[in-house]
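Once you've had a glance at the structure underneath, I'll fire off some questions.
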Amino acid sequence: MNKAQRLLHILMTMQAHRKFNLKELTEEFGVSKRTILRDLQELSELGVPLYSELGVHGGYQLLRDRMLPPIHFSDKEAVALFLVAESLKGYPMLPFEAEVESALKKFYHYSPPSTKEKIEKLRSHVLFHVQERGLDTPYLTSLLEASLEGRIVTITYEAEKGTSERDIQPIGVYTASGLWYCPAYCFRSREHRLFRADRITALTVAEDQSRRIDPPGYDLRDWFTGRPSGETAELLIHLTRAGAVRAKSDPLLAEGLTVHADGRGCVRRAAAISDLSCLADTLLGYGAKAEVEAPALLREMLLQRANEIRELYAGAGG
DNA sequence: GAGGTAAACCCGTTGCTGCC
DNA sequence: GGCAGCAACGGGTTTACCTC
């Protein structure tokens, strides 16, 4: 039996037995322990999910649940998968980036030449442009994993107001305009808040997991459908014609937007109190194109910001 | 602590292949 | 045919870990 045949037989033996050790394999294949070890290492490097246990009852196990069965794709399905992959390439950071790269390599390697040809053509004719930000998000995968497992993590966050350390329970991650965001329940402010992944400079799993909200009862879909968490306020914003056009493509104002027959519009929905500050910053850019009727707190925030700007320029001019 | 197991080394042997 | 290079293999030793 040559090496290739032996590797194949070892793989079949592993699939037939839930657990095995070196001695059993050396007896079955009539080779030395050293050779079996080399074979197992080679199989592991090829992607076979092997798990070893030390000790008296130690041995090897094949993590069969972690290995997918062979799947057949049609030509169009294969090209479609690569199209999806291409759409992600513009992002400098992705969760499970190395795994995505490895999976695509395997997929491309085993694709027939005609499919490869279509994929290469696709690369020349389709481009998903993502705004380049050049910001590192080293904890993106950790945030995603924490949201999947409902873990509380301790983060160091660099906000505009300064650096803070806080415990959060992420509900997911999403990307917009080339940036990665992580909505999460913040145990310090006791409400859901939005964090920029690139502003997280340190992340560790929190020691105290007893506070975790399980089940969370609030997920990324709730976040996007605008179901607020925590204390809320009724929002009523009137928009000019130009303001309504702009609000249609504004993620903060599109929700709850109604455009009247004359082109003007209004935004009417519930908003979390914690979001008002962010809304005020956005509305400042609308100038007179948007007028806040409610809540009063948002009006005050806008006035305060406007006054700050006025003082700044009055001082510079005089 | 003893004994069983895997992991990680090192080194020597064997067989195949290509080159001169 | 002789030689070098390489891959595959085997044996030995030490270390780490686990169970009893």
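Lettering follows sequence order; numbering is per chain, from 1.
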Might you list the N or O atoms of the protein lying below 3.5 Å from N or O atoms in nucleotides 8-10 of chain B, with each pair's distance?
from, atom 1, to, atom 2, distance (Å)
B:dC9, N4, A:R34, NE, 3.1

Indicate whether the side chain of A:T137 and that of A:D198 have a donor and an acceptor atom separated by less than 3.5 Å.
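Not at all, the side chains of A:T137 and A:D198 share no donor-acceptor pair under 3.5 Å.
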For the student: nearest non-hydrogen atoms of A:V292 and A:P295, plus distance:
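Closest approach of A:V292 to A:P295, heavy atoms only: CG1-O, 4.0 Å.
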Rounded to the nearest angstrom, tell me the gap between atom CG in A:L40 and atom P in C:dC9.
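Taking atom P of C:dC9 as the reference, CG of A:L40 is at 13 Å.
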Between the side chain of A:R241 and the main-chain N/O of A:D262, is any donor-acceptor distance below 3.5 Å?
yes
Tell me, please, which residues at least two apart from A:R246 pass side chain to side chain contact (heavy atoms under 4.5 Å, CB included).
A:Y286
Could you point out which residue of A:I155, A:V153, A:L203 forms a side chain to side chain contact (heavy atoms under 4.5 Å, CB included) with A:S142?
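Single pass found, and it is A:L203.
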